Amino acid sequence: MAYSIEQVARITHTSRHTIAVYCRLGVIEPLDLPDRPGWHFDDEAIRTLSRAEHIRREHGVNLRGTAIILRLLDRIEALQDEL
């Protein structure tokens, strides 16, 4: 399912600006939907954004730091899967 940026902002209690910053940092990516104007996201983006916002709010990490932490956590999970 595809969600508009407004829906994602409402679901995750995150501002549109913050969502745009996460996109610029490569944390999430909008879907490529040529038939639908505006930014749209899938369920995975919502899960990632919720995870990022939890880290940011609970631990007081800035957006750039949150992006780094998420990449490190993904790498750790990948390494654990290899073992």
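What you see is a predicted model, and the numbers here were worked out from it, not measured in a lab.
When every heavy atom of Leu63 is checked against every heavy atom of Glu53, the shortest pair comes out as CD2-OE2, 4.4 Å. Looking at every heavy atom in both residues, Ala52 comes nearest to Thr66 through O-CG2, 3.4 Å. For the pair Leu70 and Val27, the tightest heavy-atom approach, listed with the atom from each and the gap, is CD1-CG1, 3.6 Å.
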Item to complete: Please step through side-chain contact (heavy atoms from CB on, under 4.5 Å) for the pair Leu49 and Val8, ending with a clear verdict.
Response: CA-CA 9 Å; Leu49 183 56; Val8 172; 3.5 Å; yes
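Qualifying salt bridge (charged side-chain N to carboxylate O under 4.0 Å, His left out) partners for Glu82, counting only residues two or more places apart in sequence or in other chains: none. Qualifying side-chain contact (heavy atoms from CB on, under 4.5 Å) partners for His13, counting only residues two or more places apart in sequence or in other chains: Arg57.
In the hydrophobic clustering of this structure, Val61 groups with Leu73; members are Ile, Leu, Val, Met, Phe, Trp, Tyr whose side-chain heavy atoms approach within less than 4.5 Å, directly or through other members. Put simply, Ile55 and Leu72 are part of two different groups of oily side chains (I, L, V, M, F, W, Y) that touch within less than 4.5 Å, one to the next.
In this structure, CG in Asn62 is found 9.5 Å from CZ in Arg56, a value given to the nearest 0.5 Å. One finds the CG atom of Leu31 at 11.5 Å from the CE atom of Met1 (value rounded to the nearest 0.5 Å). Here the CZ-CD1 distance, from Arg16 to Ile5, works out to 5.5 Å after rounding to the nearest 0.5 Å. Distance check: Tyr3 OH to Ile46 CD1 gives 5.0 Å after rounding to the nearest 0.5 Å.
The only option from Thr12, Ile28, Ile11 that meets the side-chain contact (heavy atoms from CB on, under 4.5 Å) definition with Phe41 turns out to be Ile28.
Counting heavy-atom neighbours within 6.0 Å of Glu29 CD, excluding the residue itself, gives a total of 12 or less.
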